[in-house]
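Naming: A, B, ... by sequence-line order, numbering from 1 per chain. Quick caveat: nothing in here was measured; it's all calculated off a predicted structure.
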Protein chains: 2
Amino acid sequence: MTEFDLSRLEEFKAVWRKEADRLMPVLQHKAEKPRQFCQVVWDGTKCQNIDTRPLASAAELSSRTWKKGDRFILDFGEHHVGFFSFEMHIENNYCDSPTSLRILAAELPYELTYDASKFHGTLSQGWIQEEYFKTDELPACVKLPRRYAFRFLLVEVVACPGKLVFDSIECDTISSRNYLVPPPKGLDALDSAIWTAGCRTLRECMQISLEDGPKRDRRLWLGDLFLEAKTNAVTYKNWGIVEHCVYLLAANCKDNGMIAACAFENPNIVNLCYLPDYAMIFPALLMEHTERAGDSLAKEFYDLALHQVRLCRTLFDDNGRIIPSNEYWFFIDHEPTLDKNTPEACVMLYSLNNMARLAEHFGKVDDADWCRREFAAMAKLLREKAWDAEKGVLVSGDSRQVSEASQCWGILSGLLTQAEGLNAINYALNNKEAVHAHTPFLKHFVLEAIWKCGGRETVRRMIRDYWGRMIALGADTFWEAYRADDNDISPYKDPFLSSACHAWSCTPCIFMA
Amino acid sequence: MTEFDLSRLEEFKAVWRKEADRLMPVLQHKAEKPRQFCQVVWDGTKCQNIDTRPLASAAELSSRTWKKGDRFILDFGEHHVGFFSFEMHIENNYCDSPTSLRILAAELPYELTYDASKFHGTLSQGWIQEEYFKTDELPACVKLPRRYAFRFLLVEVVACPGKLVFDSIECDTISSRNYLVPPPKGLDALDSAIWTAGCRTLRECMQISLEDGPKRDRRLWLGDLFLEAKTNAVTYKNWGIVEHCVYLLAANCKDNGMIAACAFENPNIVNLCYLPDYAMIFPALLMEHTERAGDSLAKEFYDLALHQVRLCRTLFDDNGRIIPSNEYWFFIDHEPTLDKNTPEACVMLYSLNNMARLAEHFGKVDDADWCRREFAAMAKLLREKAWDAEKGVLVSGDSRQVSEASQCWGILSGLLTQAEGLNAINYALNNKEAVHAHTPFLKHFVLEAIWKCGGRETVRRMIRDYWGRMIALGADTFWEAYRADDNDISPYKDPFLSSACHAWSCTPCIFMA
């Protein structure tokens with residue numbers, strides 16, 4: 001059976017880092033100008049009850065003057081990621097003192113109401129896209145050094161020597177694929193809008209890495225990468241960036257060989273994050289990439305993938321439950337009430353199944369046999385311990401909790417048959433006691449599971465219900481978190497921290513291609 | 001008689017601009033580290049009733065960690081001008097979000113108490129050396145793009161991903177002469193301290209131009225230049241920077257040929273400031289430069305200098321009074337109650353006298369004769385209209401105001417004899433009804449006038465009284481404005497705007513060399 005040579009890990013990591021650098025995507029730049037001056041208005045039908053109304057064409061910008069205390073909001077028409085530049089002068093060019101500006105870049109209108117003194121989020125306030133800057137001499141074109149993810153830009157004149165004129169405010173937008181893929185023919189208006197917002201979400205996240213969100217955390221996560229790679233396969237087909245990302249994650253393996261859950265481009269920033277469920281999906285990521293783009297990536301990482309499977313297998317006890325550990329974060333979903341035992345075990349089955357397919361692809365019979373045997377044993381265990389035959393659902397933990405998570409991974413792993421799966425997922429979806437998907441991340445796997453069971457119309461309807469509702473609320477990119485029953489949802493205790501363009505929400509395109 | 005060819009002004013200005021560029025001084029860089037952590041304390045014996053007390057050696061900086069909300073103050077030991085760099089990392093190098101800092105650079109301890117929301121100054125709030133900045137990735141060395149004038153630096157952690165460590169905070173200090181000239185032998189401790197503070201003040205203002213103040217306005221003014229050139233002549237003897245500055249001011253002449261009162265290095269910033277009293281001292285500046293450094297500069301600007309004299313002569317009426325005009329700012333001093341008629345007329349005499357000497361130097365007999373004739377005529381007029389024979393003082397305007405300004409310019413111009421002058425200036429200095437010098441700018445000319453009348457011991461005592469008191473209040477550079485009876489003096493309605501290192505205060509050195 002194939003063994004991963006852990007003693008050579010540091011050597012492998014250096015090679016992978018080098019290959020990640022070689023595969024570094026090139027950013028495509030595009031200058032974007034604002035479309036409209038706008039104002040913030042209360043609107044109960046929009047996201048967080050705030051919308052904007054246009055006031056005037058932004059073409060009027062250069063003919064207006066501003067003084068200390070003035071502020072205005074520009075609408076760039078759609079979500080962008082990039083660097084702002086401000087071309088400014090003082091009327092009559094008498095600039096005898098510095099000009100001081102405050103800017104606030106916002107993905108959603110609500111963020112334009114930000115007041116720093118009222119922040120109460122649990123993540124760094126540094127994520128808020130508020131900036132103060134001064135410029136000593138005008139006329140000048142000031143290009144800000146930091147990147148923003150935004151549709152709206154609020155500009156406030158804190159101080160200036162006279163009447164300030166903005167000759168131009170522009171954004172040097174960037175993405176590795178800085179364009180939108182047109183929707184497939186035959187989609188209606190709502191589905192077209194969903195396609196475009198999904199595609200735009202991926203475009204914005206597709207920077208040097210496939211980021212989770214360009215506002216926050218601006219970082220590569222293996223779980224998000226899996227969904228982005230799936231969506232990329234039906235839209236941009238940018239195989240190079242997927243490969244860059246896999247090499248970067250592999251270059252950040254833990255000492256025991258577990259692939260990193262997240263990674264930074266900057267080699268000086270240390271990754272401390274390892275999620276077994278992300279490591280377990282690695283074989284599936286390689287298998288899907290093989291089917292779309294050839295097997296060279298899978299060949300390079302075959303040993304490492306098998307190592308993930310064997311390593312994660314040791315994290316479960318004889319009852320198929322997670323062995324408690326402080327070393328790892330078992331994720332599945334941002335839902336505090338979720339019991340993760342059965343979902344994680346099903347992801348383990350999913351991992352074994354995909355690894356077996358990969359082994360078969362490369363003719364590694366011994367490895368495939370081991371995976372199949374382990375699958376059978378663990379599947380038997382789960383049937384005994386976590387199958388509620390009466391209801392026809394998988395249950396989890398001592399409380400025998402029913403969740404969408406358990407059912408969808410039960411289906412995707414191949415533990416449940418198509419008929420069992422359809423019944424089980426419908427039960428979970430429609431049962432008020434069941435634990436439902438909290439994030440679009442898990443929501444995607446629910447859809448994929450229903451799709452696998454043949455419920456294509458259900459999937460299309462659910463997409464229109466969930467992602468379509470975000471469109472109705474004003475989204476032009478899909479959000480990190482959304483629930484129909486909570487207009488202010490925020491995983492980090494302050495909605496100003498929320499990411500309104502988040503990779504794991506871009507997947508509806510997969511079901512429309 | 002020599003005529004300035006005004007029709008060729010634009011051509012001359014282009015040549016002068018080019019020559020100013022050729023003479024551009026080279027900045028000397030020196031890395032400076034903080035000496036002490038310190039805290040702000042109330043102290044009624046110090047400037048603005050605020051002082052600092054040392055807390056610990058700044059060598060401890062790199063062994064401390066800071067979290068959101070923490071703040072500290074560093075004392076760099078003396079006044080510097082330069083660019084800060086912050087070498088930082090997050091403990092364990094897990095930097096998953098941006099770091100956001102607020103800094104406040106302060107010349108005097110009082111400025112460390114700044115609260116932006118309470119600002120009420122009449123100049124741009126942009127002058128306050130407060131900055132917010134964010135850095136996305138640590139470890140890094142962040143060098144801020146703007147220049148600061150400071151001795152103290154307050155650092156506040158607005159947000160950061162974990163425990164922030166400052167491996168180093170440094171300042172890349174700059175000056176065209178980045179060192180101090182040792183005091184002449186034989187000075188006592190107070191005089192040595194006054195010399196060093198004067199010298200440091202000039203060092204800090206000696207950037208690309210001779211600036212008025214490195215915090216504010218960071219700009220070349222002809223009046224300040226005159227005093228800086230005098231002090232430079234006994235300290236740094238940096239003749240090149242004086243010549244650079246003269247070319248730059250000349251390159252900014254008004255359409256009628258009046259030399260600019262101030263100028264910017266950046267040719268895109270328009271100068272709109274013309275002060276007749278500054279234009280009138282131009283011949284004296286050239287004459288003094290000739291005596292110290294040779295006559296090539298005076299030769300180049302002889303025609304322009306004579307043009308200033310003839311032009312400014314037209315600004316006075318047949319009674320020797322200023323003809324009211326919206327075109328010019330008659331300055332003399334920042335003292336709202338000052339009647340400027342006689343002081344300005346005496347500066348006109350000073351101008352004629354110095355121009356005559358310059359003409360004689362170059363053998364231009366006709367020009368010298370004209371100057372002498374004009375001097376005699378105007379002197380006669382002033383003796384008739386503005387001389388109070390009873391008190392033995394010059395008076396100004398309908399109110400027959402007695403001021404230090406009238407007496408000192410009466411002396412420096414040669415209108416008054418040594419004996420008349422000594423009596424007149426003593427009368428003004430000791431008379432409660434008289435208008436006294438408000439700024440160190442006019443204070444300098446008062447000293448120079450007393451010196452000219454042979455009152456050397458009086459000058460030395462006045463320096464110890466005025467500049468020495470600034471030292472006692474905590475100055476290590478001399479201030480833009482100071483009055484013994486007003487600890488909070490501010491020409492711009494908010495002491496946070498004041499410049500604590502201002503060129504026109506650097507002149508005591510002249511009387512100590």
Side-chain angles (χ1 to χ4, degrees), chain A residues 67-69 89-102 116-117 119 121 123-140 142 144-148 157-162 164 215-219 262 264-273 492 497, chain B residues 67-69 89-102 116-117 119 121 123-140 142 144-148 157-162 164 215-219 262 264-273 492 497:
Chain A
K67 57 182 198 315
K68 180 183 162 92
H89 72 270
I90 301 297
E91 207 175 45
N92 302 320
N93 283 350
Y94 185 68
C95 177
D96 73 339
S97 58
T99 295
S100 174
L101 299 178
R102 171 181 175 251
S117 67
F119 177 82
L123 296 183
S124 171
Q125 194 168 358
W127 286 121
I128 306 295
Q129 300 182 121
E130 183 186 40
E131 214 81 60
Y132 288 83
F133 68 96
K134 290 179 186 162
T135 178
D136 291 306
E137 296 195 343
L138 292 180
V142 180
L144 298 189
R146 297 184 69 237
R147 203 192 76 183
Y148 305 92
V157 182
V158 176
C160 73
L164 180 62
K215 172 184 165 190
R216 208 214 76 237
D217 311 309
R218 304 172 55 158
R219 212 183 328 158
C262 89
F264 301 88
E265 293 289 341
N266 181 340
N268 295 318
I269 305 179
V270 174
N271 162 55
L272 296 170
C273 217
Y492 305 107
L497 277 173
Chain B
K67 55 183 200 316
K68 180 183 163 95
H89 73 271
I90 301 298
E91 209 175 43
N92 302 321
N93 283 349
Y94 185 68
C95 177
D96 72 338
S97 57
T99 295
S100 175
L101 299 179
R102 169 182 178 252
S117 67
F119 177 82
L123 297 183
S124 171
Q125 194 168 359
W127 286 120
I128 307 295
Q129 301 182 120
E130 182 186 40
E131 215 78 62
Y132 289 82
F133 68 96
K134 289 179 189 163
T135 178
D136 290 306
E137 294 195 345
L138 292 181
V142 180
L144 297 190
R146 298 183 70 238
R147 202 191 76 182
Y148 305 91
V157 182
V158 176
C160 73
L164 180 60
K215 173 185 164 189
R216 204 214 81 239
D217 312 308
R218 305 172 53 158
R219 212 182 328 157
C262 88
F264 301 89
E265 293 290 339
N266 181 340
N268 295 317
I269 304 178
V270 175
N271 162 55
L272 296 169
C273 216
Y492 306 106
L497 276 174

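Ranked by non-hydrogen atom pairs under 4.5 Å with chain A, the options Ser97(B), Ser100(B), Ala159(B), Ala116(B) are led by Ser97(B). Ranked by heavy-atom pairs under 4.5 Å with chain B, the first of Glu131(A), Glu137(A), Arg146(A) is Arg146(A). Chosen from Ser124(B), Pro145(B), Pro139(B), the residue pairing most often with chain A at heavy-atom distances under 4.5 Å is Ser124(B). Ranking Ile128(A), Val158(A), Asn268(A) against chain B, the residue ahead of the rest is Asn268(A), based on heavy-atom pairs under 4.5 Å.
Looking at Ile90(A), neither its backbone nor its side chain comes within 4.5 Å of chain B, counting heavy atoms on both sides. For chain B, the nearby part of Cys160(A) is the backbone; its heavy atoms alone come within less than 4.5 Å. For chain B, no part of Arg216(A) is nearby; none of its heavy atoms comes within less than 4.5 Å.
Residues Asp136(A) and Arg147(B) form no side-chain contact, since every pair of their non-hydrogen atoms from C-beta on lies 4.5 Å or further apart.
Taking all atoms of both residues into account, the shortest heavy-atom contact from Ile269(A) to Leu138(B) is CG1-O, 3.3 Å. Of all non-hydrogen atoms in Val270(B) and Tyr94(A), the two that sit nearest each other are O-CD1, 2.8 Å.
The line from NZ of Lys134(B) to CH2 of Trp127(A) is 10.5 Å long, rounded to the nearest 0.5 Å. The SG atom of Cys262(B) sits 8.0 Å away from atom CG of Asp96(A), with the distance rounded to the nearest 0.5 Å. Separation of atoms CZ (Arg219(A)) and SG (Cys95(B)) is listed at 9.0 Å; rounding is to 0.5 Å.
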